[in-house]
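Single-structure report; data block below.
Throughout, a chain's letter reflects where its sequence line sits, starting with A, and its residues are numbered from 1.
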Protein chains: 2
Amino acid sequence: MPTLTAAGIEPLFRLLARYMPLEEADRRALAKLETGPVCHAEARSDIAREGENPTVIRLLISGWACRYKDLPDGRRQIVGFFLPGDFCDLNIYILSALDHSIGALTAVRYYEIQPQQFQDVIDARPHLLRALLWHEMVSAAIQREWLLSIGQRSPLERLGHLFVELYYRLKAVGLATGTGFDLPITQNHLAEANGLSLVHMNRTVQEMRREGLIELSDRQLRIVDLDRLKRVSMFNDNYLHFNR
Amino acid sequence: MPTLTAAGIEPLFRLLARYMPLEEADRRALAKLETGPVCHAEARSDIAREGENPTVIRLLISGWACRYKDLPDGRRQIVGFFLPGDFCDLNIYILSALDHSIGALTAVRYYEIQPQQFQDVIDARPHLLRALLWHEMVSAAIQREWLLSIGQRSPLERLGHLFVELYYRLKAVGLATGTGFDLPITQNHLAEANGLSLVHMNRTVQEMRREGLIELSDRQLRIVDLDRLKRVSMFNDNYLHFNR
DNA sequence: CGGATGCTTGATGTATCTCAAGACGTGTGG
DNA sequence: CCACACGTCTTGAGATACATCAAGCATCCG
């Protein structure tokens, strides 16, 4: 059970409010997304597979999911994390078939939103479209930053950078307390996201503990010295494009 | 000098036509983009730096450019290639500051397009917006595929995959003949794009030659056996989202 | 001619992977 | 209630893929 529970569209609302000022009317408009069915997926299950053609938009309410791609021989790369408040399939408006899979990393709850329902929200508060597009472009910027990480940063820098990124993202949706947060995924997931073997990821986590940068146990991560971790991992928050 | 010269908005028109049927009226609308000034940048120069806030949209006419990110200590990662017909800064509509730099890899020519000019084109032929958004989402899909490459594929697979991707992209804009194309960039650029050292990239290129997969000399690449190269690099073209 | 750029090769060190095994906690069925 | 399977974290040993350092050569160009 998470330290902080988040419900409904609250994480999404907080997220979008980082990009532009929102009003109560916006919250009420977004609340229409809550009328759809609440779906569940269990840990380690697929929510959608590459090649599928989803007809609904999924909005994550609780739990962690990921985008991943895999190769015919089983190698697998996590290319992004979905946190509460994230949409999984916003691009079905343009693209048809999925070029990646979506997997639940923990038990998750999400809304299945009909395109029309979504359209109604935009029609009611058109500037929300801009905020949503903004969020999509930030997602693309995160992908670029990951490319820099995997291509150039050392394992320690990579992991540190990921932790800081997750910290800021979770803080934006109200899921971080102080400098700690719930990290409900396994070291294997961290390895798959960072292009490292599980063994090496484990040793990297331990090195990070030894350096006094983090504390991690029982799925709770605490960043001991945020400034130092940012320096070590060469973290520059400009790619998250928060306005405040 | 390239084998095939491409001029004006022709590459862009061909590109968008891979996504949806376009008519002559669309070509004429896009031709309005040609009225802006034609700018030049020389090889190895920056077109824009991270942190800048561009007010124009750049459309590449000829030559190759790239998006790259760098770290304070000089390490650098190319996160995407711009080929003729690509827009460099389409996202200035939403995001303000650039979170990456744009560099010319060869001598390049490009249009600087005013936002209003761009808007006029969309107003004239609204469905072009959909095609342009489509192209942006394909760019994001390419980033994901690169993440898979760098994270999981071996150097040989990585390079092979990149060559096949470039082949399809260049073919889409009419810049590939048969299974060959102009590859005007250096092995160092290939290394920076694939997260490898120059020395190792060089050895990988040679291995690929030895395997009879490619021929490469004088900036001309010929894919000797496309099917085999695709098999070796586990290439699946679904992420390019071409309709035809 | 001299300097810049790009390609190539060799030698050496090390970062990272792979294989293998054990410890611990949790849930489950007999 | 115990036995067992399963998931996760951890550690050790050995192999190797890749980076780094260094140098030589070719081509182009001013």
Please report the distance, rounded to the nearest Å, between CG in A/Asn194 and P in C/dT16. 12 Å

Looking only at side-chain N and O atoms, does B/Arg75 come under 4.0 Å of OP1 or OP2 in D/dA19? no

Is a salt bridge present between B/Arg209 and B/Glu215, judged by a nitrogen-to-oxygen distance below 4.0 Å? no

Across the strands shown, which category fits B/Thr186 at heavy-atom distances under 4.0 angstrom: base, sugar-phosphate, nothing? sugar-phosphate

In whole Å, I'd like the distance from the NE2 atom of B/His200 to the C1' atom of D/dA17. 6 Å

Under-4.0 Å side-chain N/O to phosphate OP1/OP2 contact, A/Gln206 with D/dT11: yes

In whole angstroms, how far is the P atom of C/dT18 from the CD atom of B/Gln152? 9 Å

Whole angstroms only, please: what is the CG-P distance between B/Leu198 and D/dC21? 13 Å

What is the distance from CG of B/Asp218 to C1' of D/dA26, rounded to the nearest Å? 12 Å

Regarding the side chain of A/Arg44, the nearest nucleotide among D/dC18, D/dT10, D/dG7 is D/dG7

Is there a side-chain contact between B/Asn202 and the phosphate of C/dT8, meaning an N or O under 4.0 Å from OP1 or OP2? yes

Measure from the side-chain heavy atoms of B/Val199 and tell me the nearest of C/dT16, C/dT9, C/dA20. C/dT9

Can we say A/Arg169 and A/Asp86 salt-bridge, meaning some charged N sits less than 4.0 Å from an Asp/Glu carboxylate O? yes

To the nearest 0.5 Å, how far apart are CG in A/Leu196 and CZ in A/Arg203? 12.5 Å

Rounding to an integer number of Å, can you tell me how far A/Glu157 CD sits from C/dA15 P? 13 Å

Send over the distance from A/Leu216 CG to D/dT10 P, rounded to a whole Å. 8 Å

Would you say the side chain of B/Arg203 and the base of C/dG10 hold a donor-acceptor pair, judged only by whether the two atoms sit under 3.5 Å apart? yes

Of the options D/dC18, C/dC19, D/dT20, whose atoms approach the side-chain atoms of B/Pro155 most closely? D/dC18

Classify the nucleic acid contact of A/Val205 as base, sugar-phosphate or nothing, counting any heavy atom under 4.0 Å across all strands shown. nothing

Establish whether the base of C/dG6 is bridged to the side chain of B/Arg219 by a donor-acceptor pair shorter than 3.5 Å. no

Check whether any side-chain N or O of A/Asn202 sits under 3.5 Å from a backbone N or O of A/Leu198 as a donor-acceptor pair, and report yes or no. no

How many Å lie between CG on B/Asn188 and P on C/dT5, as a whole number? 12 Å

Charged N-O contact under 4.0 Å between A/Glu50 and A/Arg67: no

